[in-house]
Amino acid sequence: MYADGDVPGLLRRVGAADLDRTVTMMRRLYPGREIEQCGGSNLGDGVYPPEGTVCAASWPDVEVIGDQEVMIDAPSQLPEHVVAASTGRRLVLHAMHSAVDWLAFAVWEDGRLVRSLSLSPDSGIIENIGEPLSFELPYWAGDRPADVIPRPDEDEEPYPLPFHPLELGEDALRALCGFVLEGRPEPDDIDTDSIRLHGFRVWDPHGPDPAEREAALQRAMEAMGPPRFFSLGPDGSLIERDGL
């Protein structure tokens, strides 16, 4: 998100985003790409659109982009032209993936990176730049330990991080952007259903055609046939069985 100040405060005051203004922003942020309008989304769902799709909105004081392409492990490596577009403004990046407990967020002020954190239990701390922000302090102080209970068939090893990334991620999202996705909403949180984002398909004209790639994926899935299920036999061999 690009903003001329406090992101949550600005988002609370937005109305419908102008399409032409949003298209102009998209062409600035995706130079050399083909851009085609498609169905939009609300703020809650649009922050993680399907691959090859961007959900975006531009208002005079704040701009929002949801795109898997910018959800990178090391936020400090965000493309230079994307950061340059934030000159004179605040740029906030936030990304989470619940399947691997990964979190990354970063804040730039007038094009200068002031804070970046990226971590997951499998990779550890991937990037940690700048001083922790106020909402992070209870986590680093040990006041918000990860409450992870292992499955019965797993060894009871301690969680490899001092806190759960997704818990910090929701607090980061609220503090930086004014809303949450999976945590318990608070009365002052922004109603993400009320903010609409325009949708765009974005692709490299010199790369694979998106429709052809989608068709190839569909053909590969059809060629795989129905799923097969196995259980472990007494001697350690795999025994095929019917259904779940």
Side-chain angles (χ1 to χ4, degrees), residues 1-72 75 77-96 104-113 173-181 188-215:
M1 296 186 185
Y2 298 87
D4 295 333
D6 174 61
V7 174
L10 293 170
L11 283 178
R12 288 187 178 94
R13 298 194 293 270
V14 300
D18 181 76
L19 176 59
D20 290 341
R21 182 186 182 95
T22 303
V23 169
T24 297
M25 176 192 69
M26 290 291 297
R27 298 201 182 282
R28 183 176 74 246
L29 296 178
Y30 296 88
R33 303 285 190 92
E34 294 290 336
I35 299 173
E36 178 182 81
Q37 188 182 3
C38 62
S41 182
N42 59 46
L43 180 61
D45 294 331
V47 293
Y48 192 77
E51 185 179 0
T53 300
V54 177
C55 290
S58 177
W59 298 274
D61 297 322
V62 60
E63 295 176 316
V64 177
I65 303 97
D67 181 4
Q68 289 192 38
E69 189 174 294
V70 300
M71 300 176 187
I72 56 179
Q77 297 177 17
L78 198 64
E80 291 183 5
H81 78 277
V82 176
V83 176
S86 69
T87 300
R89 315 177 77 186
R90 162 174 281 201
L91 170 59
V92 173
L93 181 150
H94 185 282
M96 292 192 298
F105 66 84
V107 178
W108 290 258
E109 299 285 0
D110 193 16
R112 181 177 65 88
L113 180 64
L173 188 58
R174 173 178 283 127
L176 297 172
C177 303
F179 61 93
V180 294
L181 294 176
D188 290 339
D189 286 347
I190 292 168
D191 178 11
T192 57
D193 290 340
S194 68
I195 298 179
R196 298 294 303 176
L197 306 180
H198 297 290
F200 303 91
R201 294 187 186 90
V202 179
W203 71 94
D204 183 349
H206 305 294
D209 181 85
E212 292 180 0
R213 184 172 58 183
E214 182 67 24

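Numbers for residues simply follow the sequence, beginning at 1. Hydrogens, waters and symmetry mates are skipped; everything else that's a heavy atom, side chains included, is used.
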Residue pair [X] / [Y]: nearest heavy atoms and the distance that separates them:
{"X": "Leu91", "Y": "Val82", "value": "CD2-O, 4.2 Å"}
{"X": "Glu63", "Y": "Arg89", "value": "OE1-NH1, 3.0 Å"}
{"X": "Ala57", "Y": "Ala17", "value": "CB-CB, 3.6 Å"}
{"X": "His198", "Y": "Thr22", "value": "CD2-OG1, 3.6 Å"}
{"X": "Arg12", "Y": "Gly178", "value": "NH2-O, 4.3 Å"}
{"X": "Tyr2", "Y": "Leu29", "value": "OH-CD2, 3.4 Å"}

Can you name the residues that form a salt bridge (Lys or Arg N to Asp or Glu O under 4.0 Å) with Glu36, not counting sequence neighbours?
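Arg201.
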Measure the spacing between [atom1] of [X] and [atom2] of [Y] and express it to the nearest 0.5 Å.
{"X": "Leu10", "Y": "Ile190", "atom1": "CG", "atom2": "CD1", "result": "9.5 Å"}
{"X": "Met96", "Y": "Met71", "atom1": "CE", "atom2": "CE", "result": "10.0 Å"}
{"X": "Met25", "Y": "Phe200", "atom1": "CE", "atom2": "CZ", "result": "7.0 Å"}
{"X": "Asp18", "Y": "Trp59", "atom1": "CG", "atom2": "CH2", "result": "11.5 Å"}
{"X": "Arg196", "Y": "Ser41", "atom1": "CZ", "atom2": "OG", "result": "6.0 Å"}
{"X": "Cys177", "Y": "His94", "atom1": "SG", "atom2": "NE2", "result": "7.0 Å"}

A side-chain contact here means heavy atoms from C-beta on lying under 4.5 Å apart; do [X] and [Y] qualify?
{"X": "Leu11", "Y": "Val62", "answer": "yes"}
{"X": "Val54", "Y": "Ile65", "answer": "yes"}
{"X": "Asp110", "Y": "Thr87", "answer": "yes"}
{"X": "Trp108", "Y": "Leu78", "answer": "yes"}
{"X": "Met26", "Y": "Ser58", "answer": "no"}
{"X": "Thr53", "Y": "Cys38", "answer": "yes"}

Does the Gln68 side chain pair with the main chain of Pro49, one donor and one acceptor, at a distance under 3.5 Å?
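Present.
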Please answer whether the main-chain N or O of Gly9 pairs with a side-chain N or O of Arg13 as donor and acceptor at a distance below 3.5 Å.
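Side chain of Arg13 to backbone of Gly9: a pair is present.
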Identify the residue among Leu197, Asp191, Asp193 that makes a side chain to side chain contact (heavy atoms under 4.5 Å, CB included) with Asn42.
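The option that passes is Asp193.
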side-chain contact (heavy atoms from CB on, under 4.5 Å) assessment of Leu19 paired with Gln37
CA-CA 10 Å; Leu19 176 59; Gln37 188 182 3; 3.5 Å; yes
Go through the steps to decide whether Tyr30 and Asp67 satisfy the test side-chain contact (heavy atoms from CB on, under 4.5 Å), and finish with yes or no.
CA-CA 11 Å; Tyr30 296 88; Asp67 181 4; 2.6 Å; yes
Take Val14 and Ile195 through the side-chain contact (heavy atoms from CB on, under 4.5 Å) test and state the conclusion after the steps.
CA-CA 8 Å; Val14 300; Ile195 298 179; 4.1 Å; yes
